[in-house]
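Below is one structure, written out as structure tokens; the observations come after it.
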Amino acid sequence: MSKLYGVLAEFDSPEELVEAVRAVRARGFTRLEACTPFPVHGLDEALGLARSPLGWIALAAAAVGVAAALLLQWWTGAVDYPLVVGGKPFFALWPSVPVTFELAVLLASFAVVIGMLALNGLPRLYHPLFEDDNFRRVTDDRFVLAVEAADPLFHANETPALLVRLGALEVRLLEEKA
Amino acid sequence: MADLAIREPFELNAPLIEGRRSYSEITSDVARVVESRPPRFWYIALAVSGALTLVFFAVLTHLVRTGIGIWGNNQPVGWAWDITNFVFWIGIGHAGTLISAILFLFRQRWRTSINRAAEAMTIFAVMCAGIFPLLHTGRPWRAYWLFPVPNQDLVLWQNFRSPLMWDVFAVSTYFTVSLLFWYVGMIPDLATLRDRATTRLRQIVYGVLSLGWRGSARHWNHYEKAYLILAGLSTPLVLSVHSIVSFDFAVSILPGWHATIFPPYFVAGAIFSGFAMVIFLMIIARKVYRLEHLITMTHMDNMCKILLATGTIVGYAYAVEFFTAFFSGNPYERYVFVNRVTGPYAWAVWTMFACNVFAPQLFWFKMFRRNIAVMFAVSIIVNVGMWFERFNIIVTSLHRDFLPSSWGHFTPTIYDVLTFAGSVGLFLTLFLLFLRFLPVIAISEVKGVVPSPGQGKGGH
Amino acid sequence: MSLVQISDSTPKPLETGRRYWRSLEELAGTPQFRRWVEREFPRGASELLSSSSRRTLLKLMAASFGLAGLVACRRPQEKILPLSKGVEHYIPGKPLYYATAMNLAGSVTGLVVEAHDGRPTKIEGNPRHPESLGACSAFAQASVLSLYDPDRSRVVLRQGRPSSWEEFARFAADHFRAEVLGRGSGLWLVAGSQPSPSYEAVRNHLLGRFPEARWVEFEPISREAMRRGAELAFDRRLETLYDFGKARLIVAFDADFLGVDSPGVRAIREFSRGRAVVSETDSMSRLYVAESRFSITGAMADHRFRIRSSEMANAVEALASALGLMPAHSGNFPWAAAVARDLAAHRGASLVLAGPGQPPEVHALVHLINEALGNFGHTVSFVAAERAPGEASFEELAAALASGRVQTLVVLDSNPVFAAPADFDFAANFSRAATTIHLGLEADETGSAATWHLPQAHYLESWGDLRTLDGTVSIQQPLIYPLYDGRTPAELLALLSGYKDQRAYDIVRNYWTARWPAQEAERRWRRALHDGLIEGTGAARLVPAVDRRRVLAAWRPRPAAGGIELVFYASPSVWDGRFANNGWLQEAPEPMTKLTWDNAALISPATAKKLGVTSGDVVLIEHEGRSAEAPVWILPGQTDDSIAVALGYGRTVCGRVGRRVGHNVYPLRTSRTAGFAVGVNVRPAGRRYRLVSAQDHHAMEGRPLVREATLRYWREHPDFAQHAVHVPELKSLYPEHQYTEGYQWGMAIDLNRCVGCNACILACQAENNIPIVGKREVARGREMHWLRVDRYFTGDEEAPEAVFQPVACMHCEKAPCENVCPVVATVHSPEGLNEMAYNRCVGTRYCSNNCPYKVRRFNFLDWHKGLEESQKLVFNPDVTVRMRGVMEKCTFCVQRIEEKRIQAKAEGRRPLRDGEILTACQQTCPAEAIVFGNINDPASRVALIKKQNRNYVMLEELNVRPRTSYLARIRNPNPELV
Amino acid sequence: MASIFSKSTDTYIRIGVLAAALGAGAAIALGFYLANPQVRETGYAPLQPVEYSHKLHAGDLGMDCRYCHSSVEQAAYAAIPATEVCMNCHVRVKGDSPLLQLVRESYATGQPIPWVKVHSLPDYVYFNHQAHVAAGVGCVSCHGRVDQMIVVKQVEPLSMAWCLDCHRNPAPKIRPADQVTNMAWQPDRDPVEIGRQIVESKGIAPPVNCSGCHR
């Protein structure tokens, strides 16, 4: 038993895809998915995607890194087992800079990568779109716009027709396995 | 088609990708490398480098069982080839991240054809490098004491004033971040390989590795942000790593080591050697896999220019080193530099000058920047020279320091040689495996810099 | 080192009046010992595999529970072997100290030996003993290693086949009878010089039984020429004694009296006291040295004249005539007049001496000079030297051997087959004697050629007594029961002669108690044992008159002989070859050349040029048809056309350490050329040989490391030492760590007193379990000595001056090594010690790289691999034995500091006294050049010394604040000659 | 053709990842537990060649530790007594007990009794009984209630961390000199207070630097 996922429209250039997206959204469609082989600039505005919050995540992680590093160096050197090393202070800022910096970068990097995957809901090995045989070309040279059946304005006949009018090379309805 | 060419500040009017290539052509050009049976050359190379790798691990086993004494290290030359190799490999490991990160930030689009391979090279070089600081210790089975893990018996911690501790953090951070950067960059291409895969196995492997990437705009949105931030983080990181490596020397009180110009000097040297290695590997890769149209003369030409620039900076650093030594009026400092050019290791210093300062000067001339044979030769010469630079800094400074009574001499043993040769083997082995199984060129990025079939709408 | 374990396994005393340990003898046999040894050095897994320990494992599992138990099984089971019966004075783990004495070629030093649980581990000088005054030589320090040498002979050999003392006793009883030997006309005995009353008594008893037997004293390096000289001058056999302390002016002709020409340490101590200066107003002695070989005495000289040994007689003659004792001389010695004037100005406080290598008439002339200068009774005195009844010369023995008149030849503690003068071809004739009996520490060249070889007891295993030149007698008491069933020479003679006492202990004890009133005997005996010398001994000092006529009559002027001369000298490492198997000594760098594991033909740069050779070229040296090869080493300061070669190397029948080390030049040394041979023929052999020097570079490169000045300059610039280098105002980025509380340890080394004798190096090696690495590793620069003595040449290459500088860890307050250690394995103690925690070290070697003094030593390989059990017994249990892969260095003998601190705590937490803690190097230093103490106590010796204006810090400009400082060297040249 | 992975794959993957994470955490925790000296070192109680009971001698008979371990106040080691010491009593007491066979043999032949070492420190550690007894550290602090042990057992980890606890804060382990060998010391006042007073009066300052114990 399978239900309808939506309609797929293939384009062969990024420009046409962007145009189509603009047009479809102008008609009030919201549940759209646009897939491209490389980042297409202008597409996110066309889809009205928000700016990615990754920057803030990285900043927070870096701050944690700095704090952790300084705490580690101060506590181990000056509190837990203070040892006189070359007559130097048990803790001083300058010699602590390198480790602090490195730890900040390390944590920030992890945060960014993990954050990116999380925001993208990856890893997700299964997706209805993968059911479509030709969808594979989206990582090669095809630019795909999918309008989900869940969209209130979706219509099994109208929508494909609309997409064809918008210059899609090919338009298919996509069934989703239950 | 000049009007379609992406105009670069670097190389003024030459298309980055030769001939008009459609997206699918680019895809198959790169994917072909992974999908088709490798050429005979690949098998021969792998056999050789694999053998060297086995030698490497054999020697390291002998080393751990018998002791550092199997090398030529002594008093006063406590560090010799071991740390020379470490700095050498770390240096190599700089071009990758530099190309991916710094050139990315500077919008140097020509990087797209070479950054993937360069990043791979970085990671493998850092792996080779990392082995040395661990195994140059007298008791490697205690090397875990170098990491701040709670120790219930001794309740002792580390000495964070020691540049060696800084190294531990810098190198491990650098390795991890480079790995992440590399992998993140590969996700879309892995998806491409997944989608082109014909066998079930490949489908599953690349499928899992690509984490279910489907190129949705939402993906790209976060992805590009992440990539940008990683580039932003890697840029200071790559500069910090070799600066910190240089602290190993600069922070000591040894004449010939205790120098404030070391950080920039080391970083320049690292980029220098890194690019030399990239050129070396790219020349082989593009030839073997016929990627000349993707890795074009323009790329090679640009890298030669970087080689020329960094090589000249390095030469300048040498000069400054000598100048400061004499200007300082410090007799010990002065002696070290007189000893470098006239002492028992003078031959090594002159080799270094010849290889690092003079050889790259050829690239003032376009004819040489476009001559594969010359590039190939120079890239090798430069790597030899950079190895000697580290050798000179380490050994010639150590072998004659403050008290003439304890001056000594270093002579390598067969094990020193085998250890180094072995590490080269490991490096090449890893790189060959990379060529075989992973997308050697950033497919999606290249597509971003070729003209779109959507005519007239003027790129993106 | 878990050898401390043995503490609980001390064996029971011997049932004699005096109790002492016999631990090894007792334990070695027992299975417990073997098992203990295995536990001691566990073979890892094998621990669990052996069925016995698997049972242990089960027991443990029963006894313990859960994980704890399981894990605990991995612990190798250690056994504790307590005594069966207690021993007086003995507390397990507490070292005991015994006074004894050591004899080296007739020169006797009183010692105090530290024993840990029955194992002698460390030798110190006996402060009460006139020849030691608390110090002792490198030879004495290293002798403890020879005790445990596994290559020592362990069994009686008959014709090279294992035999037993019982069998030999039967043979002796049968052989040493009047019926067999008659009046002993065919019986000859050769012995190394052993000045020992009780031994002589036994000897005389033997010679009494066999009146026609002949006694020969043989020492390859002996004072015989000096005795002959005295005979010539006084017509009596006398020993000459010098008092260097009283001498304000010393003229030495080829006399290395600070080095191998007086193997004791008194000369150095007295001389260095004469050199001691506190302030520039003090006066110090002056030393003139005329010599061919550049010796450490020459290095201490204020004026050094390079004169070939063969022309030394002319030099002495020139001095004599300058003093008006002889007709005016023609020879060219421009300095003679000035030196003569200087001497005349120091009547009674000067000292002229010649080396044992110089012929008798030179010594006679020197006596004449000293008498004329009124030195007799002040700096020079004499004691009678008796001959043994029926004493014969070695020459006579050789002749008798050659003519087959020797039936039975007994060799005691001597190796004539190796060292006999070449012109006697002794080795060839040795077997002509029907019966040859050899008693020695090793089955050496002589032992292996003899019919009987008998293992000798090491002096640390022996009862006996020893007499110094001045007649003071020490009791020699054993520290340990003979490891390999050795006997002393006295015991052997007693066995051969049927002396009333057969055991060394009875021989010596009865000899002395018989001389004391019965009721006094026990007390005086115990007193003698305790003090290390017998009160009331000491020969009368004689001041005879020189027979001037005889001396001058015997004198014949020598035309300056042309050609190249060859000078023989005792090796400061192996002496005459007897220490060849002692690794510590073999690896100790020769003071002037810094060569280790070798001897070499030392020649001057000019001579090298002339011969067209360079260091490492092998030359063939020929003289009177005899020849030997030796590698050349160019030593600046050598006299031109004079080659000096150390004796004692190139042993062929020797232990694993010393076999075929260096080159044997005895084949060139005849009875007439014992000191030097003139007109030798030298030519390159066309081969090269790897010589290894512990110091590759010999110039200071104009760096102010060793600072020196003439006495006059010092008086003009009292603070020259501090101003040798400009130290800018130094500011620290950080608040500086203050070392103001409690004890703050520091050291001062007086370069004006150090004579570079190596005693400190060996003392440090013995105290701190420092391994040897062998020639190959030294060549790679991996020697392990914590304390080294740097030797620099200054001035012109042909006639340089040399200075010595002992260098060990400086314990910098701002130690550069500490900052760079990633694992805090080297840090600072509150008392200013630069600590090295071996067990934390991972071995990055960064600390060594960053040490400006390069005093850190790294265990590149497992230097202790394959040590035999007996060799492990020499370890000092108070110091960790370092494993492969860790860094080590001087600790200021922290184990000694802690020992005294704990003692002070136990004694009601009293403060430590100044001078209570002595570092090993300081304690043994014959020159008293090293002072250690609490610099925080303004009254301490070290603090006072550091206030002197000669005090300076090496590499002060680095601002690392070393705790060790140096006192600048002062030379006192004769204004007339500069 | 259909998607490479079925819908359920993602669920499996998520579960797998979670499980791996938990597993790793558990492994690390276990590792730390096993590496803990308290766990690793204590409880060692080997059988001895002679079934000597400290409970009987030190506990029931109330003998002072120093009667046998006589060197504890003068030396680094609290030495195992010589056979002689056992025989002082056992010539009369239980002179013919089969349990004492080995002891009598040892006394007769002079061969040592091979006792098994219980409290064993690494070779590079220099613990000194004399110093600790002089300072007033009770035997019980390190050896536990030996007077209640039939077979002696190691009760403390004897690890560096454990040593440092006391060296940094000696007062709780310091007692009057005459109570050092008293296993069951129960002062009427707060023992820590007593300890603090002794620490002050004696000026006890245990070393926490390396060479205090490593030489």
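Within every chain, numbering begins at 1; the chains are lettered A, B, ... in the order of the sequence lines, protein sequences first and strands thereafter. Any value given below was found using the heavy atoms of this structure, including those in side chains, with hydrogens, waters and symmetry copies removed.
- In this structure, C:Gln805 CD and B:Leu403 CG are separated by 7.5 Å, a value rounded to the nearest 0.5 Å.
- For chain C, no part of B:Asp167 is nearby; none of its heavy atoms comes within less than 4.5 Å.
- For chain B, the nearby parts of C:Arg840 are the backbone and the side chain; heavy atoms of each come within less than 4.5 Å.
- The local environment of NE2 in B:His258 is sparse, with at most 12 non-hydrogen atoms from other residues, nucleotides or ligands closer than 6.0 Å.
- Listed for the C:Arg780 side chain is no donor-acceptor partner under 3.5 Å among the backbone atoms of B:His409.
- Looking at C:Tyr792 and B:Ser405, their side chains do bring a donor and an acceptor atom within 3.5 Å of each other.
- No close placement of the B:Trp71 and C:Phe860 rings is indicated, their centers lying 6.0 Å or farther apart.
- Contacts of B:Phe147 with chain C are absent, with no heavy-atom separation under 4.5 Å from either backbone or side chain.
- Within the 4.5 angstrom heavy-atom criterion, only backbone atoms of C:Ala699 (N, CA, C, O) approach chain B.
- The contact between B:Phe249 and chain C is made entirely by backbone atoms, counting heavy-atom distances below 4.5 Å.
- Salt bridge annotation for C:Arg845-B:Asp82: present, with a cationic side-chain nitrogen under 4.0 angstrom from a carboxylate oxygen.
- Partners of B:Phe169 by ring-ring contact (aromatic ring centres under 6.0 Å, His included), not counting sequence neighbours: none found.
- Within residues 330-339 of chain B, the residues that have a heavy atom under 4.5 Å from a heavy atom of chain C are B:Tyr332, B:Tyr335, listed by number.
- Although no hydrogens or angles enter the test, the distance criterion places a donor-acceptor pair under 3.5 Å between the side chain of B:Asn159 and the main chain of C:Glu818.
- Taking 4.5 Å as the limit, some side-chain heavy atom of B:Trp257 sits within range of a side-chain heavy atom of C:Asn849.
- Ranked by non-hydrogen atom pairs under 4.5 Å with chain B, the options C:Cys841, C:Gly702, C:Ser848 are led by C:Cys841.
- Put simply, the side chain of B:Asn74 never gets that close to the backbone of C:Arg782: no donor and acceptor are under 3.5 Å apart.
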- [ ] Dump the intermediate steps for side-chain contact (heavy atoms from CB on, under 4.5 Å) on B:Leu146 and C:Val823, then the final yes or no.
- [x] CA-CA 6 Å; B:Leu146 289 163; C:Val823 293; 4.0 Å; yes
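- Note that CE of B:Met165 and SG of C:Cys821 are 10.5 Å apart. Values are rounded to the nearest 0.5 Å.
- A donor-acceptor pair is defined here as one N or O able to donate and one able to accept, closer than 3.5 Å; such a pair exists between the side chain of C:Arg703 and the backbone of B:Phe402.
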- [ ] Take B:Leu164 and C:Tyr846, measure what side-chain contact (heavy atoms from CB on, under 4.5 Å) needs, and give me the verdict at the end.
- [x] CA-CA 9 Å; B:Leu164 278 187; C:Tyr846 199 173; 3.4 Å; yes
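- Both the backbone and the side chain of C:Pro852 have a heavy atom closer than 4.5 Å to some heavy atom of chain B.
- Distance CD1/B:Ile253 to SG/C:Cys851: 7.5 Å, rounded to 0.5 Å.
- Of the inter-residue distances, the one linking C:Lys854 atom NZ with B:Gln75 atom CD reads 9.5 Å to the nearest 0.5 angstrom.
- Between C:Asp862 atom CG and B:Arg65 atom CZ the span is 13.0 Å, to the nearest 0.5 Å.
- Considering CE of C:Met887 and CZ of B:Arg139, their distance stands at 12.0 Å, rounded to 0.5 Å.
- Annotation: maximal heavy-atom pairing with chain B below 4.5 Å, among C:Leu955, C:Val827, C:Asn859, C:Val855, occurs at C:Leu955.
- Side-chain N or O atoms of B:His136 include one that pairs as donor or acceptor with a backbone N or O of C:Thr844 at under 3.5 Å.
- Heavy-atom distances place the backbone of C:Asn839, and not its side chain, under 4.5 Å from chain B.
- With a 4.5 angstrom heavy-atom cutoff, C:Glu777 does not touch chain B via any of its atoms.
- For the options B:Ala143, B:Pro163, B:Gly408, heavy-atom pairs under 4.5 Å to chain C are most numerous at B:Pro163.
- When the shell of 6.0 Å around OH of C:Tyr734 is examined, it contains more than 12 heavy atoms from other residues, nucleotides or ligands.
- Contact count against chain B (heavy-atom pairs under 4.5 Å) is highest for C:Arg857 among C:Lys865, C:Met700, C:Arg857.
- Although no hydrogens or angles enter the test, the distance criterion places no donor-acceptor pair under 3.5 Å between the side chain of C:Arg884 and the main chain of B:Ile68.
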